[in-house]
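Chain naming here is simple, since letters A, B, ... match the order of the sequence lines and numbering starts at 1 in each.
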There are 2 protein chains.
Amino acid sequence: MPGVRVDSWVLMPSSVEVAGVTWQAFAILCHTGSMPRARSRDGARRRATITDVAAAAGVAASTVSRAFTRPDRVNHRTREHVLAVAAELGYAPNPAARALESGRTNTLALLVPDITNPYFSGVIKGAERAAAAAGLTLVLGDTQENPATEEQLIRRLGPAVDGFVLSASRLPDDELRRAAELNPIALVNRATPGLACVVADFDTGTRQIVDHLASLGHESLVFLGGPPESWSGARRWAGLRVAAEARGLAATRFGPYTPTLGGGPAAADAVLAAGATAVVAHNDMLAIGVMLRLAERGVAVPDDVSVVGFDNIVGSDFCSPTLTTLAERTEDAGARAVEAVAAQVLSRVDDPPTRVLPTQLVVRRSTGVRGG
Amino acid sequence: MPGVRVDSWVLMPSSVEVAGVTWQAFAILCHTGSMPRARSRDGARRRATITDVAAAAGVAASTVSRAFTRPDRVNHRTREHVLAVAAELGYAPNPAARALESGRTNTLALLVPDITNPYFSGVIKGAERAAAAAGLTLVLGDTQENPATEEQLIRRLGPAVDGFVLSASRLPDDELRRAAELNPIALVNRATPGLACVVADFDTGTRQIVDHLASLGHESLVFLGGPPESWSGARRWAGLRVAAEARGLAATRFGPYTPTLGGGPAAADAVLAAGATAVVAHNDMLAIGVMLRLAERGVAVPDDVSVVGFDNIVGSDFCSPTLTTLAERTEDAGARAVEAVAAQVLSRVDDPPTRVLPTQLVVRRSTGVRGG
DNA sequence: GTGAAAGCGCTAACAA
DNA sequence: TTGTTAGCGCTTTCAC
């Protein structure tokens with residue numbers, strides 16, 4: 001009934017079958033005043049649909065749709081009215097229905113190996129912010145450091161999202177490329193040719209670490225490696241090696257160790273046995289674990305041993321001694337990755353770029369003059 | 001064309017309009033052998049739909065649907081065949097389409113005030129796990145400690161999810177109830193009559209804290225308050241007060257302070273000015289901030305002042321001295337809340353329960369004998 | 001500038 | 001057991 005206007009509201013009951021339950025639905029015809037929202041028989045409110053709004057506003061559903069999505073193609077007054085009615089009914093467009101039509105869900109998925117790892121908090125936060133700014137919803141997935149879980153999530157979430165941000169992905173290159181054929185993908189701290197990547201500038205960062213240690217008189221360093229599959233870990237070690245050679249320092253890799261506090265004792269003991277004066281740990285948690293063990297064994301940091309970490313996590317600023325560490329711009333990384341995916345969603349990008357983000361050496365109390 | 005079977009595959013081109021772009025779609029009729037997936041003209045793969053699978057398998061779309069959702073209502077052989085074809089085409093059901101039909105999205109939203117706050121990591125992790133176990137997708141939202149953002153997120157995500165888990169919600173009770181009429185809601189660490197809640201047992205927890213301090217000879221304590229709107233904060237102070245009175249200790253509240261490291265200096269200085277021997281901080285971050293300031297001012301913890309926190313965050317185990325704190329079962333809380341929402345999604349729950357989770361006092365090095 | 005109608009991918013009622 | 005059909009809420013031609 002197009003153009004219907006009523007001064008008071010009218011309830012038009014009709015039963016609707018949803019999910020096997022019969023709902024008592026009401027078309028509410030109204031154009032002014034406050035009113036109860038549609039209610040199903042059991043008392044739960046039924047969400048207003050575009051049809052409800054159209055009926056209540058006395059226009060066609062297509063006009064309501066345009067009022068929301070093509071403001072310029074609707075009479076100004078009509079639009080105002082429609083929006084007012086919609087607000088009154090508490091109407092919000094159903095994303096699922098939109099997605100069905102357009103094929104776009106306005107949703108991005110972010111997959112991280114471990115949500116509780118403070119390192120990923122920054123990536124999540126940055127991604128969340130960028131997604132919100134772009135009007136996109138972010139779905140978060142925890143792969144539990146497991147490639148199989150990661151693959152399963154990608155498959156399951158695939159049809160529901162417009163693209164993926166994969167942080168520290170454990171998937172082989174060819175699997176990533178296959179997934180990228182169905183959904184745009186951006187990688188964080190993982191480089192795969194042909195895919196959009198956001199990586200930290202480990203080359204410069206590790207050089208800074210080596211320079212710092214060299215300037216304190218250290219002539220050698222030990223790298224305490226993390227998980228062998230870690231792309232970042234490989235880059236860190238590679239960078240340290242090159243930089244150390246350039247500065248004439250001896251660099252040795254120990255490990256792999258668990259990149260957690262728990263990995264500390266084994267690593268620290270190995271460091272002591274080797275008589276190293278400077279150690280660079282795979283990440284901050286391992287570095288802190290190492291320092292705890294060194295303290296336990298009566299070794300002074302930094303006087304006897306200097307310790308450097310990676311990540312600048314919360315806690316590296318209040319552990320004892322405070323930790324010298326290489327900070328990455330994790331929030332930036334998350335945000336850039338989201339932007340990269342969003343760009344690919346809007347239009348096919350032929351040669352997705354690799355973005356390198358600067359790192360920053362944060363010097364605190366865990367590093368000092370050799371034999372100081 | 002029902003029942004069509006072909007021995008080799010046949011491509012039936014037809015153009016499809018999606019998102020304003022004309023796609024070259026192919027119906028693939030086949031029942032054996034490997035085949036290329038549907039491709040649009042620009043080379044990007046088109047996701048296979050139920051129709052593609054039906055055509056390729058030589059059955060009706062509804063049969064494909066049943067093969068996935070009602071295994072028992074399909075001939076075993078047919079189902080096998082359909083699933084094989086589906087796998088070959090890389091078919092996965094489109095959740096948006098399912099949602100449109102059923103009204104259920106199989107998605108839950110979890111809203112937290114600050115994703116990077118380690119306290120919420122546990123809640124997130126637990127919720128994520130429980131959701132995955134229930135076959136639900138979890139959407140994560142960051143309200144930025146802002147009631148307006150929280151409300152907006154609820155409104156925007158509402159139609160896209162089956163329910164909400166609200167952690168440390170800042171919304172007033174009546175707004176929560178209004179939102180609960182449209183979507184099932186479970187609250188974490190926030191009690192609102194009529195809604196499902198999961199809260200920590202602060203009464204017992206604070207009693208444990210007071211008992212611990214009393215047993216060390218302390219005769220009074222200072223509570224360093226956090227944000228005034230914090231429900232947990234109010235509960236913590238209320239519990240401490242009651243327990244202190246019961247044990248004959250004097251309890252005073254200072255603050256409010258920012259519940260971060262940055263809130264430490266002001267709080268610590270106030271503590272020193274008051275000559276307190278035992279302080280209980282709103283949370284661990286504040287407690288650690290206080291300890292940093294005390295160290296800076298040459299005050300010994302725990303010999304001069306004992307310090308207790310709340311949350312048992314990562315870092316409370318490696319700050320200096322390590323922190324005595326009341327641990328909550330945050331992962332459990334997240335999981336229980338998800339279960340509570342899921343239960344309400346499946347069937348209306350008339351009187352949603354409040355679940356109280358036990359807390360645990362973790363005694364470390366920051367508390368000691370008074371004047372020790 | 002607006003309405004009618006078709007259709008997105010899927011499920012569920014009804015037929016066969 | 002399986003196919004046909006209608007319709008979920010929305011957007012988008014295509015008329016008017």
- Message: Under 4.0 Å, heavy atoms only, any strand: does A:F68 hit a base, just the sugar-phosphate, or nothing?
- Response: nothing

- Any ion pair linking B:E339 and B:R336 (charged N to carboxylate O, less than 4.0 Å)? yes

- Message: With nearest nucleotide decided by heavy atoms, which residue, B:L100 or B:R73, maps closer to the 5′ end of DNA chain C?
- Response: B:L100

- Note on the structure: Among the nucleotides C:dG3, D:dC10, C:dC10, whichever has the atom closest to the side chain of B:N94 is C:dC10

- Query: Of all the nucleotides listed (C:dA12, D:dC10, D:dT2), which has the minimum atom distance to the side chain of B:T63?
  - Reply: D:dT2

- Item | Options D:dG9, C:dG3, D:dG3, nucleotide nearest the side-chain atoms of A:I50 | D:dG9

- Give B:S62 one of three labels, base, sugar-phosphate or nothing, depending on what nucleic acid heavy atoms sit under 4.0 Å from its own. base

- B:T49 side chain near C:dC8 phosphate (N/O to OP1/OP2, under 4.0 Å): no

- Query: Would B:T137 and A:R156 count as having a side-chain donor-acceptor pair, cut-off 3.5 Å?
  - Reply: yes

- Task: To the nearest Å, give me how far apart CZ (A:R79) and P (C:dT2) are.
- Result: 12 Å

- Query: Where do B:N183 and B:F164 come nearest, in terms of heavy atoms and distance?
  - Reply: ND2-CE1, 3.5 Å

- If you look at every strand shown and take non-hydrogen atoms under 4.0 Å, does B:P93 touch a base, only sugar-phosphate, or nothing? sugar-phosphate

- Roughly how far, to the nearest 0.5 Å, is the CG atom of B:L108 from the CD atom of B:E128? 11.5 Å

- Note on the structure: Of D:dC10, C:dG3, D:dT12, the nucleotide closest to the side chain of A:R70 is D:dT12

- For atom CG of B:N106 and atom P of C:dT11, their distance in whole Å: 11 Å

- Message: So, does A:S65 get its side chain near the phosphate of D:dT11, meaning an N or O under 4.0 Å from OP1 or OP2?
- Response: yes

- Note on the structure: Whole-Å distance, B:H76 NE2 to D:dT2 P, equals 12 Å

- Candidates D:dT13, C:dC8, D:dT2 - which lies nearest the side chain of A:E101: C:dC8

- Looking only at N and O atoms, is any donor in the side chain of B:R66 or the base of D:dG3 less than 3.5 Å from an acceptor on the other one? yes

- Find the distance B:D52:CG to C:dC10:C1' and express it as a whole number of Å. 13 Å

- Task: Could you check A:T69 against B:N75 and say which one's nearest nucleotide on DNA chain D is further toward the 5' end?
- Result: B:N75

- Is a side-chain donor-acceptor pair under 3.5 Å present for B:R70 with B:S65? no

